[in-house]
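In each ligand, atom 1 is the first atom listed, and ligand 1 is the first ligand listed. Just so you know, these numbers come straight off a predicted model, no measurement behind them.
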Amino acid sequence: ERAAEEAAGREYIRKLDELSAKSRNRASLASWAYQSNITDYNEQRLTQISLEIAEEEKEYWKETMTYLWREFEDPDLRRMFEKYSVLGTSALPEDLNQRLIQAINNMQSTYARATICDYKDRSKCDLHVEPEVTDIFAQSNDAEELKYTWLEWHKAAGAASKDYFTEYVNMDNEAAKLNGFDSVAEWWISTYDEPDSEEQFAALWEQVKPLYQQIHAYVRRHLRLRYGEDVVSAKGPIPAHLLGNIWAQTWNNVEKFTRPYPEKPDVDVTEALIRQNYTALKMFKTAEEFFTSLNLSAMPDLFWERSIIEKPNDGRDMVCHASAWDFFDGEDFRIKQCTTITNAFFKTTHHEMGHIQYYLQYKDLPSIYRAGANPGFHEAVGDVIALSVSTPKHLRVMGLLEDGPEDLESNINQLYKMSLDKVVFLPFAYLLDLFRYGVFRGTTTTNDYNCHFWQLRESLQGVEPPAPRSEEDFDPTAKYHVSADVEYMRYYISYIIQFQFHRSLCQIAGEYVPGDPNKLLSNCDIYRSTEAGEALGKMLQLGSSKPWPDAMEALTGQRKMDASGVLEYFEPLYEWLKQENERTGEFVGWEPSNVQYC
Ligand SMILES: C=C(C[SeH])C(=O)N1CCC[C@H]1C(=O)O
Ligand SMILES: [Zn+2]
């Protein structure tokens with residue numbers, strides 16, 4: 001009897017999975033049309049299609065739940081049913097789902113359309129976050145210009161979305177409850193499978209915090225030397241507008257005037273890319289060639305036909321934030337990004353192509369399994385490749401860096417440069433979702449949103465706003481992912497596990513030998529290692545068909561996320577920074593901010 005029920009269940013799930021792939025294809029196409037050209041028509045069409053699909057999913061969900069799938073023998077069939085049993089936002093009554101979709105579209109289009117006026121020319125008021133505001137933060141060293149630009153952007157894209165955000169939180173929490181979660185926070189955390197995930201996230205932060213604090217102290221000293229004592233204090237948090245990035249999430253743009261050994265040759269890849277006439281297309285082809293050098297998949301023809309790799313100049317409104325898309329038909333995979341010729345975008349291109357590679361590796365799985373082993377895995381693939389690309393050794397192979405010394409000082413400079421991207425990012429990523437967990441759980445309410453956000457920014461990241469903040473402000477939606485309902489813990493996890501993946505791939509490629517100073521993890525380049533490519537491919541082909549520890553074990557032999565990879569990679573820098581901060585007497589850590597924000 002039960003065998004017959006299970007056989008029926010298997011046939012049902014196969015059919016459901018095909019229908020589900022068609023619905024996801026339809027949804028992706030409507031979402032792409034809207035995000036690549038924000039018009040009322042495209043927004044209404046997306047809403048209409050989303051609501052239609054939600055009604056279809058509700059019907060299928062009722063049928064799915066008539067099967068006694070928890071008692072099925074086949075673990076794989078149970079896993080598929082379990083994943084289909086989480087209906088998601090489609091569980092909402094249609095009117096509430098419509099309000100949720102509307103709230104997110106309002107935030108998304110506010111962010112995409114937000115413009116500010118130029119500091120020097122107040123009549124020029126068409127500056128977007130990409131590329132104009134990004135470029136100002138990359139190039140300006142005028143503290144007043146940076147302060148003005150920071151405040152204007154946070155008004156245009158932050159405060160403007162405060163009420164939309166509250167509506168989104170209320171509707172999304174309703175959906176979470178209808179799926180059996182206490183709030184969206186528990187729903188998001190459940191995607192990391194393990195019941196103690198939240199404690200694991202906190203433990204990872206404790207592991208890397210000492211390294212972060214040493215970097216923070218060193219950078220604060222060099223910013224104080226540049227901007228003066230009354231702009232950058234000796235012991236306080238660092239003002240957020242001086243760190244080279246509108247969100248202060250990575251600090252690469254201050255590297256050139258803060259690096260440990262300034263007399264050593266510079267590693268400015270942006271100038272080299274421009275000098276060698278790199279175009280957006282050449283960046284993409286170069287990134288693709290790295291993947292094919294590992295014997296991984298090339299980009300399909302459709303990818304080159306349908307991707308948008310530069311901001312169209314027809315004046316349309318669009319979501320410029322880089323993204324990679326799976327259209328769930330096994331053939332159509334695209335990237336949409338407003339590429340400019342910078343080192344940052346050279347990295348982003350590898351990052352996005354890593355998503356596409358994952359899509360290609362698992363495209364023949366049931367559609368329900370076409371996802372990362374956990375969300376952090378998907379964000380780590382491209383970055384793992386970029387860890388090899390950003391070594392001086394590889395950049396020389398590419399002709400993007402002239403020959404230079406491989407001595408200790410150059411290695412410290414290289415590690416410092418990498419730390420401003422990889423270590424500095426960790427507290428930012430962690431706090432962005434700690435903030436949203438608090439909002440979803442109700443411990444942060446609408447009248448202390450901004451206060452709680454800046455308390456986290458100060459306590460974890462040691463940064464402070466450039467001017468007093470009030471609850472008239474709402475700074476979190478000035479960050480894309482908060483305006484776009486994109487969970488962010490995935491990046492925090494990615495920046496930890498990508499070093500575990502890198503370490504294993506480098507050992508397979510013979511590029512890293514523990515304890516061998518000629519085979520440093522930070523100088524490993526897996527380029528052209530088909531063995532490493534095969535090992536990576538095997539993990540990616542699993543998609544989300546197995547619990548993520550199985551996928552991690554397939555590549556690294558480990559079943560736990562841990563920061564040992566990060567700490568091993570940056571160990572020489574950590575030692576150097578401790579000595580340097582000791583030598584200069586720099587205070588490590590920070591005292592409370594004097595800026596009023598609660
Ligand atoms: C490039 C993407 C698209 Se998935 C991105 O959003 N990233 C990649 C690094 C962290 C995060 C960010 O920009 O905030
Ligand atoms: Zn990504």
Side-chain angles (χ1 to χ4, degrees), residues 28 31-32 35-36 108 111-112 128-131 133-134 137-138 153 157-158 191 240 243-253 280 283-284 287 307-309 311 318-326 333-340 342-359 371-387 389-390 418 420-433 435-436 457 461 475-499 501 540:
S28 304
S31 184
W32 174 274
Q35 291 207 19
S36 50
Q108 181 107 256
Y111 186 95
H128 289 88
V129 69
E130 288 188 39
V133 170
T134 300
F137 272 81
W153 173 253
T191 62
L243 288 159
N245 175 279
I246 178 71
W247 306 285
Q249 71 183 62
T250 49
W251 303 349
N252 308 75
N253 289 315
M283 275 199 204
F284 275 72
S307 291
I308 296 176
I309 64 172
K311 186 173 191 173
M318 70 175 276
V319 175
C320 254
H321 192 86
S323 55
W325 297 61
D326 185 346
F333 307 95
R334 308 176 201 177
I335 285 174
K336 175 171 60 57
Q337 72 178 46
C338 302
T339 312
T340 58
T342 62
N343 191 28
F345 258 114
F346 194 44
K347 277 200 184 86
T348 300
T349 302
H350 286 86
H351 175 93
E352 295 308 328
M353 206 167 273
H355 287 300
I356 302 293
Q357 189 61 228
Y358 215 157
Y359 300 149
N374 75 37
F377 278 62
H378 231 296
E379 298 306 332
V381 181
D383 282 15
V384 161
I385 302 304
L387 284 174
V389 172
S390 47
M418 293 303 289
L420 295 182
D421 188 22
K422 297 296 181 181
V423 182
V424 156
F425 178 75
L426 291 168
F428 171 81
Y430 186 37
L431 73 87
L432 204 67
D433 275 0
F435 168 73
R436 288 193 284 184
R457 287 274 262 175
Q461 216 185 347
D475 297 324
T477 37
K479 176 63 193 165
Y480 171 74
H481 300 68
V482 179
S483 284
D485 175 36
V486 177
E487 183 256 8
Y488 209 79
M489 202 58 85
R490 63 186 65 176
Y491 299 104
Y492 174 69
I493 295 306
S494 159
Y495 278 51
I496 297 284
I497 63 177
Q498 64 186 245
F499 286 92
F501 297 163
L540 302 184

Donor-acceptor side-chain pairing of Ser494 and Gln498 below 3.5 angstrom: yes

Any His481 heavy atom less than 4.0 Å to ligand 1: yes

Protein heavy-atom partner closest to atom 2 (C) of ligand 1 - residue, atom, separation in Å: Glu352 OE2, 3.4 Å

Asp383: which of Arg490, Lys347, Lys422 passes salt bridge (charged side-chain N to carboxylate O under 4.0 Å, His left out): Lys422

Polar contact flag, side-chain donor to acceptor under 3.5 angstrom, His321-Tyr111: no

Closest protein heavy atom to atom 7 (N) of ligand 1, given as residue, atom name and distance to 0.1 Å: Tyr491 CE2, 3.5 Å

Check: His378 and Tyr359 side chains under 4.5 Å, non-hydrogen atoms: yes

Per-residue contact class, Phe425 against ligand 1 - non-hydrogen pairs under 4.0 Å: side chain

Atoms of ligand 1 close to Lys479 [distance to a heavy atom under 4.0 angstrom, numbered from 1]: 12 (C), 13 (O), 14 (O)

Three-point angle Glu379:OE1, the Zn ion (ligand 2), His355:NE2, rounded to the nearest 10°: 100°

Heavy-atom proximity to atom 14 (O) of ligand 1, best of Tyr488, Phe345, Tyr495: Tyr488

Plane angle bin for Tyr488 and Phe428 - parallel if under 30°, tilted between 30 and 60°, otherwise perpendicular: perpendicular

Which of the ligand 1 atoms, numbered from 1, are nearer than 4.0 Å to a heavy atom of His355: 4 (Se)

Glu487 and His481: side chain donor to acceptor below 3.5 Å: no

Nearest-neighbour protein heavy atom for atom 5 (C) of ligand 1, which is reported as residue plus atom name and distance: His321 NE2, 3.5 Å

Numbering as shown, the atoms of ligand 1 that approach Ala322 to under 4.0 Å (heavy-atom distance): 3 (C)

